[in-house]
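First comes the structure, then the notes that go with it.
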Amino acid sequence: MNISIQSYDDEINENATKELFELYQLIKEKTLHARDHFPMQTNDGEVSRDNLLAYAALREYDIHELQNHLAAEGLSSLGRLESHVFSHMEKVLGHLGISEMEPTNIYQPNWIEASKLSTDRAAHVLGTTVHDRSTNIMVTLDVSMLGTPEMIEELLLHGMDIARINCAHDTKKEWKLLIQMLRRAEEKLHNEGLYGDQICRIYMDLGGPKIRINQFQKEIRPLKISILKDMYGNKKSVVEGYIDLHAAHTDKLDDKADTAKFVLAVSSKSSFKSLHIGEELHFTDTRGRKRSLRVMEIINPTKIRVLTEKSCYFSDEMKITTPSGNVFKVRDLVPKPVQISVQKGDLLYLYREPSKLGHPASEQGPAGVAAMLPEALKNVQIGDRIFIDDGKIGGIVIHTNEERVELEIISPVIKSGKVKEEKGLNFPDTLLDLPALTEQDLEDLQFVTGHADTVGLSFVHSPQDLEDLHSALEKLNRTDLAVVAKIETAEAIHNLSRILLAGLNFDSFGIMIARGDLAVEVGFENMSIVQEDILCMCDAAHIPVIWATQVLESLAKQGVPARAEITDAAMGHRAECVMLNKGPHIIDAVRVLSKLLTTEARHHVKKRQVFTAFTNQQGLFE
């Protein structure tokens, strides 16, 4: 049978029209069926609820061919309708000749209404940036900044809109000092006319039930003092330290305000009175290398400042000799955690009892470590994967008993990986029955509600976690506090729709894509798809997103950005906020990110989605 091109096109048009209309009807039915299961407190909440349900229903269908047919007609491919599903579909149907729709009580925002709702919500949660971009920049503050208030001033001037404090680290004392320093920096810039009248918002993350490795056995090891070298092997600097007759311990120092990096506690019958600046003290380190320490300052008769130009190792009872023949003995090295290394094929015990100290492999058996939260091991099954330190080490469960879980290490393959105290554990195949809000979080929340504009809830798994936080905020009379749910587990991805629906009942609510833990949970190869799903779902719910973890990390930490991370950071304009972590070059990172976000916002054209892959959403249309 011969069919003309015109009649063939008409047939495709008719089929596409019929398919789209049937799809529209199915989505309406699903939305009407599900909406009453998710009551909302406000009219705006109902609008976003209905649109999110419609979008989730649409994503359950493979409409690849339908989109291609629509595109061939010069019509929308349905790839830009996240925020206004029904309105968009009705416009397309109208162009195809179907304009009469059966009325329902479903809320159907158009593009303008949806855009305003999204913009207003973002402003409530994140504030508004005064810079020439629509995406906010959040920067993690650190106690190392306490001695450098000028760094805070530079961050404010170069683009920081929100300051983040992570409650998983430090104490209320340090948090308060950071906030006070931030406000003093703002006031100084205001007085100098450099910062307008804007106020930097404060975001505080609750620690949550982060599953970490507990403490190891301790051992005395030589203290290594390293001289940094550049890529050509040339020395970059010397290392300063103290020799102190009254010091309690020999150890490294971590005082950001002091250039000295170590202290040697020594014993001697003499003092440092006879020494002179510039003299050298000689010793043989634990490797048998001849080394020296040059006297830089005589602080008092019992304490001097010295420097070394070569890497060296110190041990207990090591002798340091002065030019006049006086001898000082190094003493009281601080015990350090034992070193535990594993590689592919090794066994590693994961103990259920948290007080069990980590130990290396020996003739008695494999290496073993304990989890801080033994409840995390309750549901572990044979065949489950467990990852350590953001995926640097991976294992598969081969046996469990009342005492421990036994892992066979599957990565790293070639080199060995070091297992360390306090590194995180991820259980992507295990259902973790752990509430996101811990007792420590409830205690910290009292401080947060008195000082922060926004609180982040870590390791959200389900809507119940948000309900628990809402109850806690009610007791503190702070339900007005903006809340951000951090999405960092596989379970949270599958519950994302219901988490968003629960979030719509808060006065102000947002989502953070915490890509560090999340990438380990869903697989690095799946991360780009998963984060795209999160962005689209949040767009459908008109809820703002924070794009977080490892953004411009090489630039912030090493001063030189990797090419791939520049492209990654530029994608941050898809979100309402991008978060940077700490690093010695954080000011450069803020400056670069601000420029990237400004440029990309002007040139952004969203790609057409074909909905061929979508994370399964649980509990919506049952």
Side-chain angles (χ1 to χ4, degrees), residues 119-166 170 174-205 256-257 447-456 480-482 484 508 510 512 544 546-548 551-552 555-556 559 569 572-573 575-602:
T119 301
D120 290 347
R121 289 225 180 100
H124 285 139
V125 177
L126 304 167
T128 54
T129 178
V130 297
H131 302 276
D132 187 21
R133 48 181 158 79
S134 58
T135 303
N136 285 278
I137 294 177
M138 177 188 295
V139 180
T140 302
L141 302 188
D142 179 66
V143 290
S144 64
M145 298 177 180
L146 286 174
T148 55
E150 63 277 4
M151 178 178 286
I152 302 296
E153 295 173 20
E154 290 293 317
L155 289 173
L156 292 169
L157 290 173
H158 288 292
M160 177 175 72
D161 303 295
I162 306 168
R164 171 180 177 253
I165 296 174
N166 188 352
D170 308 312
E174 286 79 23
W175 306 339
K176 188 171 184 178
L177 288 172
L178 285 170
I179 293 169
Q180 289 174 342
M181 183 175 66
L182 172 66
R183 295 309 182 210
R184 283 197 297 268
E186 276 182 338
E187 184 179 2
K188 180 174 181 290
L189 294 176
H190 286 154
N191 292 337
E192 293 173 355
L194 300 175
Y195 195 57
D197 59 354
Q198 61 263 42
I199 299 295
C200 181
R201 292 173 73 93
I202 295 173
Y203 168 99
M204 297 187 73
D205 272 325
K256 304 295 182 182
F447 179 94
V448 172
T449 53
H451 296 83
D453 302 290
T454 307
V455 59
D480 61 310
L481 187 68
V484 168
S508 301
M512 176 183 284
I546 301 170
W547 178 285
V551 178
L552 294 179
L555 176 56
H573 73 281
E576 284 70 29
C577 179
V578 177
M579 188 190 90
L580 293 172
N581 270 325
K582 58 191 178 182
H585 305 281
I586 186 61
I587 295 171
D588 291 333
V590 170
R591 186 186 295 113
V592 169
L593 180 60
S594 185
K595 185 175 181 180
L596 283 171
L597 294 176
T598 301
T599 303
E600 286 302 315
R602 292 171 180 165

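Quick note: numbers below take in every heavy atom, side chains included, and nothing from hydrogens, waters or symmetry partners.
- A heavy-atom distance below 4.5 Å is not found between the side chains of Ile152 and Arg184.
- The CG atom of Leu580 sits 6.0 Å away from the CG atom of Leu552 when rounded to the nearest 0.5 Å.
- Paired with Ile165 under the rule side chain to side chain contact (heavy atoms under 4.5 Å, CB included), one option of Glu174, Lys176, Met204, His451 passes, and it is Met204.
- Pairs of residues two or more places apart, or lying in two chains, that qualify as salt bridge (charged side-chain N to carboxylate O under 4.0 Å, His left out) and include a residue from residues 581-591 are Asp142-Lys582, Asp588-Arg591.
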*Glu154 and Val590: CA distance, side-chain angles, deciding distance, side chain to side chain contact (heavy atoms under 4.5 Å, CB included) verdict*: CA-CA 10 Å; Glu154 290 293 317; Val590 170; over 6 Å; no
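- Judged by distance alone, the side chain of Thr598 and the main-chain N or O of Ser594 form a donor-acceptor pair under 3.5 Å.
- Among all heavy-atom pairs drawn from Val578 and Gly572, the shortest one is CG2-O, 3.5 Å.
- Residue Ile202 holds its CD1 atom at 5.5 Å from CG of Leu182, rounded to the nearest 0.5 Å.
- Between the side chain of His158 and the main chain of Val592, no donor-acceptor pair closer than 3.5 Å is present.
- To the nearest 0.5 Å, the span separating CD1 on Ile587 from CG on Leu555 amounts to 11.5 Å.
- Taking a 6.0 Å sphere around CD of Gln180, one finds it holds more than 12 heavy atoms contributed by other residues, nucleotides or ligands.
- A heavy-atom distance below 4.5 Å is found between the side chains of Thr148 and Met145.
- Leu141 and Ala163 make their closest contact through CD1-CB, 3.8 Å (heavy atoms, listed as atom of the first residue, atom of the second, distance).
- Of the listed residues (Leu597, Ile162, Ile137), just one forms a side chain to side chain contact (heavy atoms under 4.5 Å, CB included) with Cys577, and that residue is Ile162.
- Counting all heavy atoms, side chain and backbone alike, Pro149 lies closest to Leu146 at CD-O, 4.3 Å.
- Taking CG of Asp205 as the start and CZ of Arg164 as the end, the distance is 4.0 Å to the nearest 0.5 Å.
- Between the Arg201 side chain and the Val125 main chain, a donor and an acceptor come within less than 3.5 Å of each other.
- Under the 3.5 Å distance criterion, the side-chain polar atoms of Thr135 are matched with a main-chain donor or acceptor of Ala575.
- A donor atom on one side chain and an acceptor atom on the other are not found under 3.5 Å apart for Asn136 and Thr129.
- Closest heavy-atom contact between Ala482 and His124: CB-O, 4.2 Å.
- Within the 4.5 Å cutoff, the side chain of Thr140 has no heavy atoms near those of the Ile586 side chain.
- In this structure, Cys200 SG and Leu156 CG are separated by 5.5 Å, a value rounded to the nearest 0.5 Å.
- With contacts defined as side-chain heavy-atom distances shorter than 4.5 Å, the pair Met138/Thr454 does not qualify.
- Arg183 meets the salt bridge (charged side-chain N to carboxylate O under 4.0 Å, His left out) test with Glu186; sequence neighbours excluded.
- The shortest distance between side-chain heavy atoms of Asp161 and Arg133 falls below 4.5 Å.
- The two atoms that bring Gly196 and His190 nearest to each other are O-CD2, 2.8 Å, heavy atoms only.
- Nearest heavy atoms, Thr128 versus Ala123: CG2-CB, 3.9 Å.
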